[in-house]
Structure formats: C-alpha cells, structure tokens
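Quick note on labels: first sequence line is chain A, next is B, and so on, each numbered from 1. This one's a predicted model, so the numbers in the text were calculated from it and none came from an experiment.
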There are 2 protein chains.
Amino acid sequence: MRSPSGREIPDEIDPVLEELVRGIIGQVADKWTMLILEVLEEHGTLRFTQIGKLTGGISQKMLTQTLRQMERDGFVSRKVYPVIPPKVEYNLTELGRSLSAAFCAVWEWAAVHHADIDASRKAFEERNGKA
Amino acid sequence: MRSPSGREIPDEIDPVLEELVRGIIGQVADKWTMLILEVLEEHGTLRFTQIGKLTGGISQKMLTQTLRQMERDGFVSRKVYPVIPPKVEYNLTELGRSLSAAFCAVWEWAAVHHADIDASRKAFEERNGKA
DNA sequence: ATTTATACGCACCAAAAGGAGAGTGACTGT
DNA sequence: ACAGTCACTCTCCTTTTGGTGCGTATAAAT
C-alpha cells in the first residue's frame, strides 16, 4: 500500500484540519504526557523531582523531555527560582487543565472497562493458540 | 472532577486500580489505535485495505498488528469469509464504540485548541534561542 | 573540608518501533 | 497462460525511544 505520487485517499472531511488534529493527537496521546498531566492536575504546583516520584517509573531524561514539550505546547508553566540548589515549579496552565479534562473521559473509561479488556484477552488467547 | 459524560470520578483512587488503568492507557493511547478507532466509528464495517486507505500513511504491518491487538482487547470484531481472494470484515464492538466515545472529547479538544498550541510553540521558540 | 541537595544537559548504548519489499495461496477475469 | 486480487506473513533494515550514568553549580549543613 504505497503511494509514491502521494494523493489517492479521498478526503470527505476537511483534510487540513484533520491532518492538524492528527498531528496533535499523535504528540499528546503519549504515556508520560498523560501521566504528568494527571499528576499535576491532582496535586497542583509541583517541583521537578516531586513530579518524578508521583509519576512513578519515569527517568529523569524522559521527565525533562516531556515537561519541556508540555511547556512548549503551553500545557504547563515553568517557574525558575534563581536559588541554589535550583528550584523549579511546574503547574498546569488553563490549556493544560482543559486537556486534562478532555482526557478525563478516557481515564474513566479505563477504570470502568478494564475488566472487560482482561476478559477479552483471556478469551482471545483461549481461542487462538497461545504459543 | 466531572467529565463530559457527566459521571463522577472518585476523589481517592485505589492504587491497584490506578496501576491497572495506567497499563491500559499506555496501550490504548496509541496513535494508530486511535486513528483506526475513528475510521471504524465513522464508516462502520470495513475491510482490511479500506481501513488502510482511510487511516492514511499506515503500513500493512502496523495495520495488521494494531488490528490484532484491538481484536484481542475486544475493541473490534473480525469476520473472515472463507473465499478467494480472502475477505475479512472489521467493525467496532460495543466496547470499542464506548472507547471511541471516550476519545471523542480529546479529538474535540484538539480541534478547538490547535491554534493555541501553535501560538504557544511560536512564542516558546521566540523566547528560547534558536540561533 | 567534605558532603548533600536540585534540576537538569550530555554522551553512550540497548531495545523497540516501524517501514519497505518480497512471498503466499487459490481463484477469477482476459 | 497469466496477471490481478486480498489479507496477510516474513525478513531485513533504519529510525526512534528511552535508560544509565556522569558532570555541574554553589550554598547550607556537617
């Protein structure tokens, strides 16, 4: 399914917006982004290491990276105190809070339906051989 | 905390459930999963190659892989017609549709706020050197 | 004088994701 | 006879992701 010349997909909806939105979803629907969003939503203003602890299992590298992207996208604000040792506070912007609210439905869904998923997986593995 | 669907989320979250839910989110918040979910929601029953075309830019490998996982998780049903050339129909299950509905808020959010993100990025890059 | 604490940046490396392309099997249209 | 169709699977290869550990600045605490 290659398309060397590019355009063969019929666009029934506005393709530009569609593409834009997809791009955003692709970046935003990231594991760490969602987790950090939730942690900040729940705890309010937090410092770097606190976020790391509350998120759980994230490396410093990923924490920095994700936080930076979120700052760039305008989901979090970053306040640096010029003290030593360094102190940086993060919290959600209005935009970040609205995104968090949008994701809320997904969290809720997962909480409600995890048992269904589990059951489905078991059934699937029983139907098909499980090597 | 309120969600668009109007239900409530408990203030205190059971850590075990929390862990479970995070695992699910990690797998479900996947670019291709979300995209396929959307095309199936929008078009109803579809065949393999049709999904590929409508999704756009997905390789056969990823399409197969994602579809398999979605079937395993119980989001799509897969109906094989024993004919030649092969014919396989996919469509959303009830569970899949409910997930799609949950993601709906995120899609809408992206559609509404993509301009904000764009503006934020421009501002960010202006603030921070890119000399 | 040495250690501790904080919020990173950087380099290196392993693992995973994912794309490209070829192969398959049997039937159907030319 | 032979190319075309569909829904894959398999192999090879590149790109991306992400973890680990080290370095840094410097004031306060030991």
Side-chain angles (χ1 to χ4, degrees), chain A residues 1-6 8-9 22-23 25-36 39-40 45-72 76-91 124 127-129 131, chain B residues 22-23 25-36 39-40 43 45-72 76-91 124 127-131:
Chain A
M1 176 199 316
R2 7 161 310 148
S3 66
S5 47
E8 185 150 348
I9 302 133
R22 286 190 182 195
I25 296 280
Q27 295 183 16
V28 147
D30 166 71
K31 186 189 168 191
W32 296 129
T33 303
M34 292 182 67
L35 256 19
I36 291 174
V39 168
L40 279 172
T45 300
L46 288 173
R47 298 180 61 178
F48 183 82
T49 41
Q50 290 180 314
I51 298 175
K53 281 181 186 174
L54 290 166
T55 303
I58 190 172
S59 66
Q60 283 191 344
K61 183 185 173 181
M62 287 315 295
L63 185 52
T64 307
Q65 206 173 100
T66 309
L67 246 15
R68 274 299 136 76
Q69 210 194 6
M70 291 175 76
E71 186 197 357
R72 190 186 105 125
V76 299
S77 63
R78 181 165 172 271
K79 185 170 186 186
V80 182
Y81 295 85
V83 296
I84 282 159
K87 179 177 178 181
V88 180
E89 281 181 353
Y90 293 89
N91 60 65
F124 182 86
R127 274 201 307 278
N128 305 37
Chain B
R22 286 189 181 195
I25 296 277
Q27 294 183 16
V28 148
D30 167 70
K31 185 189 170 192
W32 296 128
T33 303
M34 291 182 68
L35 257 18
I36 292 174
V39 296
L40 279 172
H43 295 85
T45 300
L46 287 174
R47 298 179 61 177
F48 184 82
T49 41
Q50 291 180 313
I51 299 175
K53 281 181 186 173
L54 290 166
T55 303
I58 189 171
S59 66
Q60 283 190 346
K61 183 185 172 181
M62 285 317 294
L63 184 52
T64 307
Q65 206 174 102
T66 309
L67 245 14
R68 275 297 137 75
Q69 211 196 8
M70 290 174 77
E71 187 197 356
R72 190 185 106 130
V76 300
S77 64
R78 182 165 171 270
K79 186 169 185 186
V80 183
Y81 294 85
V83 295
I84 282 160
K87 178 177 178 183
V88 180
E89 283 180 353
Y90 293 89
N91 60 63
F124 182 86
R127 273 202 307 278
N128 304 37
K130 47 175 296 185

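- For residues 79-88 of chain A, every residue pair satisfying the side chain to side chain donor-acceptor pair (under 3.5 Å) rule, not counting sequence neighbours, is listed here: A:Y81-A:E89.
- Contact annotation for B:Y90: backbone-only contact, meaning every heavy-atom pair under 4.0 Å involves sugar-phosphate atoms and none involves a base.
- Among D:dG19, C:dA7, C:dG19, the nucleotide with an atom closest to any side-chain atom of B:S59 is C:dG19.
- The separation between A:M62 atom CE and D:dT16 atom C1' is 11 Å, rounded to whole Å.
- Distances shown here put a side-chain N or O of A:T49 below 4.0 Å from the OP1 or OP2 atom of C:dA7.
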Could you give me the CA-CA distance, side-chain angles and deciding distance for A:R47 and A:Q50, then say whether side-chain contact (heavy atoms from CB on, under 4.5 Å) is met? CA-CA 5 Å; A:R47 298 180 61 178; A:Q50 290 180 314; 3.6 Å; yes

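- Atom P of nucleotide D:dA7 and atom OH of B:Y81 are separated by 12 Å, given to the nearest angstrom.
- Atom NZ of B:K79 and atom P of D:dA7 are 15 Å apart (whole Å).
- Side-chain N/O atoms of B:R47 include none lying less than 4.0 angstrom from OP1 or OP2 on D:dC6.
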Enumerate, atom names and distances included, each donor-acceptor pair closer than 3.5 Å involving a side-chain atom of residues 54-68 of chain A, sequence neighbours excluded.
| from | atom 1 | to | atom 2 | distance (Å) |
| --- | --- | --- | --- | --- |
| A:T55 | OG1 | A:I51 | O | 2.7 |
| A:S59 | OG | A:M62 | N | 3.3 |
| A:T64 | OG1 | A:Q60 | O | 2.9 |
| A:T66 | OG1 | A:M62 | O | 2.6 |

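- A:Q65 places its CD atom 11 Å from the C1' atom of D:dG19, with the value rounded to the nearest Å.
- When side chains are defined from C-beta on, B:V80 does not count as touching B:P86, because their heavy atoms never get closer than 4.5 Å.
- Phosphate proximity of C:dC8 to A:R78: present, with a side-chain N or O under 4.0 Å from OP1 or OP2.
- The two atoms that bring A:V88 and A:R78 nearest to each other are CG1-CG, 3.7 Å, heavy atoms only.
- Going from atom CG of A:D30 over to atom C1' of C:dA16 covers 15 Å, rounded to whole Å.
- A:R72 and B:F124 make their closest contact through CG-CD2, 3.3 Å (heavy atoms, listed as atom of the first residue, atom of the second, distance).
- Taking atom NZ of A:K31 as the reference point, atom P of D:dG18 lies 8 Å away to the nearest angstrom.
- For the pair A:I51 CD1 and C:dA7 C1', the computed distance is 11 Å after rounding to whole Å.
- Atom CG of A:L40 sits about 6.0 Å away from atom CE of A:M70, to the nearest 0.5 Å.
- The CG atom of B:L63 sits 13 Å away from the C1' atom of D:dT9 (whole-angstrom rounding).
- Between B:R68 and A:I58, the residue anchored nearer the 5' end of DNA chain D, judged by the nucleotide with its closest heavy atom, is B:R68.
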Heavy-atom contacts, protein to nucleotides 21-30 of chain D, under 4.0 Å, summarised as B (base), S (sugar-phosphate only) or - (none) per nt, yield -----BS---

